[in-house]
There are 2 protein chains.
Amino acid sequence: MFHPDCPSSVMPLRIGDKWSAMIIVCLEDGPRRFSEIRVPLRRTTPKVLTQTLRALERDGMITRTVYAEVPPRVEYELTELGRTLLDLIAVCRRWADEHLPAVLAARELPGVGVGPEG
Amino acid sequence: MFHPDCPSSVMPLRIGDKWSAMIIVCLEDGPRRFSEIRVPLRRTTPKVLTQTLRALERDGMITRTVYAEVPPRVEYELTELGRTLLDLIAVCRRWADEHLPAVLAARELPGVGVGPEG
DNA sequence: CAGCATCCATAGGGATACTG
DNA sequence: CAGTATCCCTATGGATGCTG
């Protein structure tokens, strides 16, 4: 338990942040341009999107290809390694489909004073 | 894509934070006391542990049972719902075992100016 | 178009000290 | 033992405006 590759390190490791998982899914069907990624992600700001993309690139999950054209074009594409995340994300989605209602239901009942209860 | 139960909501939803996954695993084999959880988690501060436990409880992942004894005893235990996370976490661990080396290797090579490169 | 620079708000996590 | 209370720091994410 609790080596460097324990779940608590891994979860935030690459898909635990707010946008990475969505970007990965976004790239599932092939390369996408910066602005093509931006739109479905509910209009993330460019800064945040760039940050996330750079981090994914650094970790070997995606490649970034710049085309010397005007107007500029940059394409992002999943690597082999990045594609392995698709399975992981799929499992998470399945978990959510199945159990999220129960979670939300549990949140409704008061009793644990975490939320704003006045 | 991108309903309320999309992966980007789910990942941070319950196991994306720093300690939840470890706590879940900690409770895998039965109820545990506050201090029993605290130790393997590399001595998290009580505040942080309490926060995380309360959040897990609120989401219906664990139960909290107080025994009216001296000295006080409180036990935390996984619910049915909480147990479903064990599978999810196991999948994540397996992903890590398999691919973490590649991630770390990718991080070694410079080229993407995210890290501190001077 | 694809970003970078700048400034800003907040939440997560933590250190330390104290209590029922 | 099992927390609370208080203070603090940093990382994440965001808004706005500018540039090659």
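Quick note on labels: first sequence line is chain A, next is B, and so on, each numbered from 1.
One can place CG of A:L53 at 17 Å from P of C:dC1, the figure rounded to the nearest angstrom. The distance between atom CG of B:L49 and atom C1' of C:dG12, rounded to the nearest whole Å, is 15 Å. Summarising the geometry, the separation between CZ on B:R38 and P on D:dT4 is reported as 13 Å, rounded to the nearest angstrom. Rounded to whole angstrom, the span from the CG atom of B:L41 across to the C1' atom of C:dG12 amounts to 15 Å. Here the C1' atom of nucleotide C:dG20 and the CZ atom of B:F34 are 15 Å apart, to the nearest Å.
Between B:R33 and D:dA2 there is a side-chain polar atom (N or O) within less than 4.0 angstrom of OP1 or OP2. For B:R64, a side-chain nitrogen or oxygen approaches OP1 or OP2 of D:dG3 to under 4.0 Å. Side-chain N/O atoms of A:S35 include none lying less than 4.0 angstrom from OP1 or OP2 on C:dC1. Applying the 4.0 Å criterion to OP1 and OP2 of C:dC4, one finds that A:R54 has a side-chain N or O inside that range.
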Just do the side-chain contact (heavy atoms from CB on, under 4.5 Å) check on A:L85 and A:L78 with the steps written out, would you?
-> CA-CA 10 Å; A:L85 283 176; A:L78 286 178; over 6 Å; no
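When heavy atoms are screened at a 4.0 angstrom cut-off, B:R73 is found touching the sugar-phosphate backbone but no base atom. Using a 4.0 Å heavy-atom criterion, one finds that A:Y76 contacts the sugar-phosphate atoms exclusively.
Relative to the six-membered ring of A:Y76, A:R32 misses at least one condition, a distance below 6.0 Å or an angle of at most 45° to the axis.
Remark: side-chain polar atoms of A:R64 are not paired, donor with acceptor, to backbone N or O of A:E75 under 3.5 angstrom. Checking side-chain atoms of A:T79 against main-chain N and O of A:M61 turns up a donor-acceptor pair under 3.5 Å.
B:T84 and A:W95 share a side-chain donor-acceptor pair at under 3.5 Å.
For the salt bridge (Lys or Arg N to Asp or Glu O under 4.0 Å) condition, no pair includes a residue of residues 78-90 of chain A, sequence neighbours left out.
Applying side-chain contact (heavy atoms from CB on, under 4.5 Å) to A:S20 and the options A:I89, A:L56, A:L53 leaves one that passes, A:L56.
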Contact pattern, 5' to 3', of nucleotides 5-20 of chain D - B, S or - by protein heavy atom under 4.0 Å = -BB-----BBB----B
